[in-house]
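Indexing begins at 1, ligand by ligand and atom by atom, following the structure's order. Predicted model only: the values in this text are computed from it and were never measured.
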Amino acid sequence: MIVFFTGTGNSRFIAEKLAEFTGDETFDIFESVRTGKGHTFTEEGPYIFIAPVYVAAPAQCLTDFIKRSEFPKNSKAYFIMCCAASMSASPVFCMNIASEKGFEYKGTAPMIMPQNYITYFKADSEEICRDKIKNAPESIREISEYIKAGKDLPQTKISNFEYRMTVPVLNLYCKYFMKSKAFHVTDKCIGCGKCVSLCPFGNISLKDNKPVWGSKCTHCMACISMCPTEAIEYGKLTKGKPRYHGPYSYNS
Ligand SMILES: Cc1cc2nc3c(=O)[nH]c(=O)nc-3n(C[C@H](O)[C@H](O)[C@H](O)COP(=O)(O)O)c2cc1C
Ligand code: SF4
Ligand code: SF4
């Protein structure tokens with residue numbers, strides 16, 4: 001069973017490709033993130049959890065979802081961390097949640113995909129996006145071989161210091177920088193409501209046919225990246241910056 005969270009589609013792309021190789025079903029946690037509910041899984045493992053890396057750690061909505069869900073005891077758990085450059089201390093977070101939920105931890109693999117964090121960084125160039133997406137299936141196939149053979153994924157060494165540093169930085173970052181207050185629309189907005197339906201937290205509503213943002217935001221970048229008219233900006237930080245429209249826009 002492949003369980004995934006995605007903001008801009010990279011993790012979905014990995015989940016779907018992996019399913020082609022392993023024959024597993026996929027489960028998108030979008031609805032559960034919206035409702036704040038968990039899920040009771042009864043399927044025999046292995047469970048493969050896929051999510052973007054947010055600030056050197058797995059997206060918190062995935063780990064929160066795992067915490068509030070039920071899984072058969074002693075199932076095997078694999079993790080795939082979708083990142084633009086490095087999964088950093090993510091394996092330690094994955095190992096901890098696996099142990100808390102009684103999984104047999106089978107390792108964490110990084111998957112390098114295009115950068116989507118355009119509020120504070122720049123999206124990768126078209127060429128880099130194409131390369132990353134073109135190379136992804138081979139890396140996913142390699143990961144699938146470990147899963148099909150029931151083997152542990154190769155270990156990445158993370159120092160205890162790196163993990164201990166990540167936790168306070170992550171907490172401060174979430175408190176002070178992962179905010180939706182700076183999101184606003186320009187007059188390019190056509191009131192289509194796509195941003196409303198894409199937000200995993202249900203944080204956006206339409207008022208007078210224009211989106212307004214509430215206070216629950218994980219900076220997944222779905223709204224700003226997928227707006228069909230590129231009408232969404234984040235303060236002045238995104239003005240003139242190219243958007244990342246997701247892996248499926250590079251299929252041709
Ligand atoms: C809030 C946020 C934090 C991020 N932090 C990191 C990071 O620490 N390291 C990294 O390599 N990529 C980081 N990224 C980039 C994403 O992990 C990467 O683009 C990923 O492929 C997005 O997956 P998705 O399309 O499934 O949402 C971050 C992106 C966001 C939105
Ligand atoms: S997706 Fe873009 S155009 Fe559509 S309502 Fe949201 S901001 Fe406006
Ligand atoms: S408001 Fe935008 S960036 Fe924040 S969680 Fe919703 S879709 Fe993601």
Side-chain angles (χ1 to χ4, degrees), residues 4-17 28-30 33-34 49-62 80-90 93 110-124 128-129 132-133 136 139 162 165-166 169-170 173-174 177-234 238 243-250:
F4 71 94
F5 171 75
T6 189
T8 54
N10 290 342
S11 304
R12 178 192 309 283
F13 179 88
I14 296 166
E16 287 174 353
K17 278 278 169 261
D28 182 352
I29 69 168
F30 180 92
V33 174
R34 271 248 167 132
F49 297 104
I50 306 178
V53 171
Y54 288 167
V55 199
Q60 205 184 330
C61 43
L62 178 78
I80 301 178
M81 293 288 101
C82 180
C83 50
S86 163
M87 66 173 171
S88 306
S90 300
F93 291 86
M111 267 299 310
I112 306 294
M113 292 292 280
Q115 173 66 268
N116 69 348
Y117 203 9
I118 61 152
T119 54
Y120 297 124
F121 297 86
K122 259 174 41 187
D124 289 326
I128 292 179
C129 288
K132 284 181 170 180
I133 292 161
S139 305
E162 186 179 356
M165 287 302 289
T166 303
V169 171
L170 180 62
Y173 191 93
C174 292
F177 293 99
M178 245 177 213
K179 301 273 186 200
S180 49
K181 227 168 113 184
F183 283 120
H184 63 277
V185 273
T186 64
D187 54 14
K188 288 198 271 183
C189 175
I190 51 170
C192 68
K194 190 171 177 188
C195 51
V196 176
S197 54
L198 280 177
C199 177
F201 282 93
N203 189 39
I204 310 174
S205 51
L206 285 189
K207 198 174 167 202
D208 300 328
N209 233 19
K210 297 280 179 262
V212 285
W213 280 261
S215 58
K216 277 202 268 167
C217 177
T218 193
H219 266 197
C220 75
M221 301 292 112
C223 55
I224 191 165
S225 306
M226 302 303 170
C227 167
T229 61
E230 300 193 354
I232 303 176
E233 300 288 355
Y234 191 77
T238 48
R243 271 54 173 157
Y244 172 58
H245 294 294
Y248 302 97
S249 61
Y250 289 88

| message | Whether the side chain of Arg243 engages the backbone of Thr238 through a donor-acceptor N/O pair (distance < 3.5 Å, no angle test) should be reported. | response | yes
| task | Give the atoms of ligand 2, by number and element, whose distance to some non-hydrogen atom of Pro228 is under 4.0 Å. | result | 1 (S)
| query | Which ligand 3 atoms does Met221 reach within 4.0 Å, using its non-hydrogen atoms? | reply | 3 (S), 8 (Fe)
| remark: Numbered in order shown, the ligand 3 atoms found under 4.0 Å of a heavy atom of Trp213 are 1 (S)
| query | Which heavy atom of the protein is the closest neighbour of atom 2 (Fe) of ligand 2, given with residue, atom name and distance? | reply | Cys227 SG, 2.3 Å
| task | Name the closest protein heavy atom to atom 1 (S) of ligand 2, giving the residue it belongs to and the distance to 0.1 Å. | result | Cys195 N, 3.4 Å
| task | Using distance alone, decide if ligand 1 has a nitrogen or oxygen within less than 3.5 Å of any nitrogen or oxygen in Ser11. | result | yes
| query | Do any nitrogen or oxygen atoms of Ser86 lie less than 3.5 angstrom from nitrogen or oxygen atoms of ligand 1? | reply | yes
| What residue and atom, counting heavy atoms only, is the protein's closest point to atom 31 (C) of ligand 1, and at what distance? | His219 O, 3.0 Å
| query | Angle class for the Tyr120/Tyr117 ring planes (parallel below 30°, perpendicular above 60°, tilted otherwise)? | reply | perpendicular
| request: Give the residue, atom name and distance (to 0.1 Å) of the protein heavy atom nearest atom 5 (S) of ligand 2. | output: Gly193 N, 3.2 Å
| Aromatic ring proximity, centroids under 6.0 angstrom, Tyr173 and His219 | no
| task | Would you check if atom 8 (Fe) of ligand 2 lies under 2.8 Å from any N, O or S atom of Cys189? | result | yes
| Which pair of heavy atoms, one from Ala51 and one from Leu62, lies closest together, and at what distance? | CB-CD2, 3.8 Å
| query | Quick check: does Met178 get an N/O under 3.5 Å from an N/O on ligand 1? | reply | no
| message | Please check this pair: side chain of Asn10 against backbone of Pro114, looking for a donor-acceptor N/O pair closer than 3.5 Å. | response | yes
| Which of the listed options, Asn10, Val55, Val53, Ile224, holds the heavy atom that is closest to atom 28 (C) of ligand 1? | Val53
| said: Tell me whether Ser225 contacts the main-chain N or O of Ala222 through its side chain, where contact means a donor paired with an acceptor under 3.5 Å. | reply: no
| said: Does any N or O of ligand 1 fall below 3.5 Å from an N or O anywhere on Cys83, backbone included? | reply: no
| task | Decide whether an N or O pair under 3.5 Å exists between Thr8 and ligand 1. | result | yes
| Under 3.5 Å, N or O to N or O, is Thr6 touching ligand 1 that way? | yes
| task | Identify the protein heavy atom lying closest to atom 12 (N) of ligand 1, giving its residue, its atom name and the separation to 0.1 Å. | result | Ala84 N, 3.2 Å
| said: So Tyr248 and Glu16, do their side chains get closer than 4.5 Å, heavy atoms only? | reply: yes
| task | Around atom 8 (O) of ligand 1, find the nearest protein heavy atom and jot down its residue, atom name and distance. | result | Ala56 N, 2.8 Å
| said: With heavy-atom distances below 4.0 Å as the criterion, list the atoms of ligand 1 near Met221. | reply: 31 (C)
| said: I'd like to know if the side chain of Asn203 and the backbone of Lys216 have a donor-acceptor N/O pair within less than 3.5 Å. | reply: yes
| remark: ligand 3 atoms nearer than 4.0 angstrom to some heavy atom of Cys217 are 1 (S), 3 (S), 4 (Fe), 5 (S)
| query | Hey, is Cys223 touching ligand 3 through its side chain, its backbone, both or neither, going by heavy atoms under 4.0 Å? | reply | both
| Among protein heavy atoms, which lies nearest atom 27 (O) of ligand 1, and at what distance? | Gly7 N, 2.8 Å
| said: Can you name the atoms of ligand 1, numbered from 1 with element, that are less than 4.0 Å from a heavy atom of Gly9? | reply: 25 (O)
| request: For ligand 1, indicate whether the residue Gln115 contacts it via side chain, backbone, both or neither (heavy-atom separation under 4.0 Å). | output: both
| task | Identify, by atom number and element, the atoms of ligand 3 in contact range of Cys220, meaning under 4.0 Å from any of its heavy atoms. | result | 3 (S), 5 (S), 7 (S), 8 (Fe)
| said: Is any side-chain heavy atom of Met178 closer than 4.5 Å to one of Tyr54? | reply: yes
| query | Taking C-beta and beyond as the side chain, do Cys83 and Ile112 meet within less than 4.5 Å on heavy atoms? | reply | yes
| task | Starting from atom 3 (S) of ligand 2, find the nearest protein heavy-atom neighbour and note its residue, name and distance. | result | Ile190 N, 3.4 Å
| request: Nearest heavy atom to atom 19 (O) of ligand 1 wins, so pick from Pro114, Ser88, Cys82, Pro52. | output: Pro114
| request: Could you pull out, from Asn116, Ile112, Thr218, the option with a heavy atom nearest to atom 22 (C) of ligand 1? | output: Asn116
| query | Has Cys199 got an N, O or S atom lying less than 2.8 Å from atom 6 (Fe) of ligand 3? | reply | yes
| Has Gln60 got more than 12 heavy atoms of other residues, nucleotides or ligands less than 6.0 Å from its CD? | no
| Those atoms of ligand 3 less than 4.0 Å from some heavy atom in Asn203 | 1 (S)
| said: I need the nearest protein heavy-atom contact for atom 4 (Fe) of ligand 2: residue, atom name and distance, please. | reply: Cys192 SG, 2.3 Å
| said: Which residue and atom name correspond to the protein heavy atom nearest atom 11 (O) of ligand 1, and how close is it? | reply: Ala85 N, 2.7 Å
| query | Would you say Met113 and ligand 1 have an N/O pair spaced under 3.5 Å apart? | reply | no
